[in-house]
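Dumping the structure here so I can ask a few things about it.
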Amino acid sequence: MRSVITGTGSCIPSIIKKNSDFLNSKFLNEDGSPFGNENAEIIEKFSAITGIEERRYAAEDVDSSDLAYMASKKAIEESGINQEELDYIILAHNFGDVKANSIQGDVLPSLASRVKNK
């Protein structure tokens with residue numbers, strides 16, 4: 001048996017939040033008490049430690065499975081094969097389909113099944 005990866009795809013959401021967008025946020029310790037530092041200092045230290053300068057968010061009408069579907073379309077296009085002849089799409093995730101303003105993922109059916117359906 002032989003397996004070959006012929007295409008890869010990704011989807012990067014278009015809504016950008018820079019670290020400076022969090023200057024007016026409330027940062028709390030694990031016990032819920034406020035940090036003793038100014039927000040600018042907290043954000044600067046966070047950026048220095050993690051290297052994160054911005055975050056990407058999906059639009060409210062876009063679920064995780066929608067992002068995966070868009071990425072799979074790019075992978076299929078990159079591979080140059082007919083999607084009807086495709087044997088597998090490998091989809092890796094650590095949480096189910098997540099809707100906007102929700103703290104819970106919907107794990108059934110699987111994201112792979114949802115992507116195939118779309």
Please report the closest heavy-atom contact between Met70 and Val62, naming both atoms and the distance. CE-CG1, 4.1 Å

Taking ILVMFWY side chains as joined if any heavy atoms are under 4.5 angstrom apart, and letting links pass through other members, which residues group with Phe27?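 Its cluster partners, ordered by chain and number, are Ile15, Phe22, Leu23, Phe35, Ile42, Ile43, Tyr57.
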
Can you confirm whether Glu38 is buried at CD, in the sense that more than 12 heavy atoms of other residues, nucleotides or ligands lie under 6.0 Å from that atom?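 Count not over threshold, so no.
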
Please give me the minimum heavy-atom distance between Ser14 and Arg56, naming the atom from each residue. CA-NH1, 4.2 Å

Nearest 0.5 Å, what's the OH-CG distance between Tyr69 and Leu91? 14.0 Å

Which value, rounded to the nearest 0.5 Å, describes the distance between Gln83 atom CD and Glu77 atom CD?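 So the gap between those two atoms works out to 9.5 Å.
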
Taking atom CD1 of Ile52 as the centre, report whether more than 12 heavy atoms of other residues, nucleotides or ligands fall under 6.0 Å from it.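 More than 12 heavy atoms, drawn from other residues, nucleotides or ligands, come within 6.0 Å of this atom.
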
For Ser65, check side-chain contact (heavy atoms from CB on, under 4.5 Å) against everything at least two apart and list the hits. Asp63, Asp97, Leu111, Arg114, Lys118

Do Arg55 and Asp21 have side-chain heavy atoms sitting under 4.5 Å apart? no

Is there a side-chain contact between Pro13 and Leu67 in this structure, where contact means two heavy atoms from C-beta onward sitting under 4.5 Å apart? yes

Could you tell me if the side chain of Asn39 sits less than 4.5 Å from the side chain of Lys26, heavy atoms only? no

Which atom of Ala75 lies closest to which atom of Gly9, heavy atoms considered: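 In terms of heavy atoms, the two residues are closest at CB-N, 3.6 Å.
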
Tell me, yes or no, whether the heavy-atom count around Asn29 atom CG, taken from other residues, nucleotides or ligands under 6.0 Å, exceeds 12. yes

Looking at every heavy atom in both Cys11 and Ala71, which two are closest together, and how far apart are they?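 The answer is N-CB, 3.9 Å.
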
Any chance you could measure Asp61, atom CG, to Asp66, atom CG, to the nearest 0.5 Å? 8.0 Å

Is it true that Glu41 and Lys45 have a side-chain N and a carboxylate O under 4.0 angstrom from each other?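 Yes.
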
Within 6.0 Å of CG in Leu28, more than 12 heavy atoms from elsewhere: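 Check passes, neighbour count above 12.
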
List in chain and number order the residues that pass salt bridge (Lys or Arg N to Asp or Glu O under 4.0 Å) with Glu44, two or more places apart in sequence or in another chain; answer none if no residue qualifies. none

Taking all heavy atoms of Glu53 and all of Ser47, pick out the closest pair and write down the distance.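 So the two residues come closest at CG-OG, 3.9 Å.
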
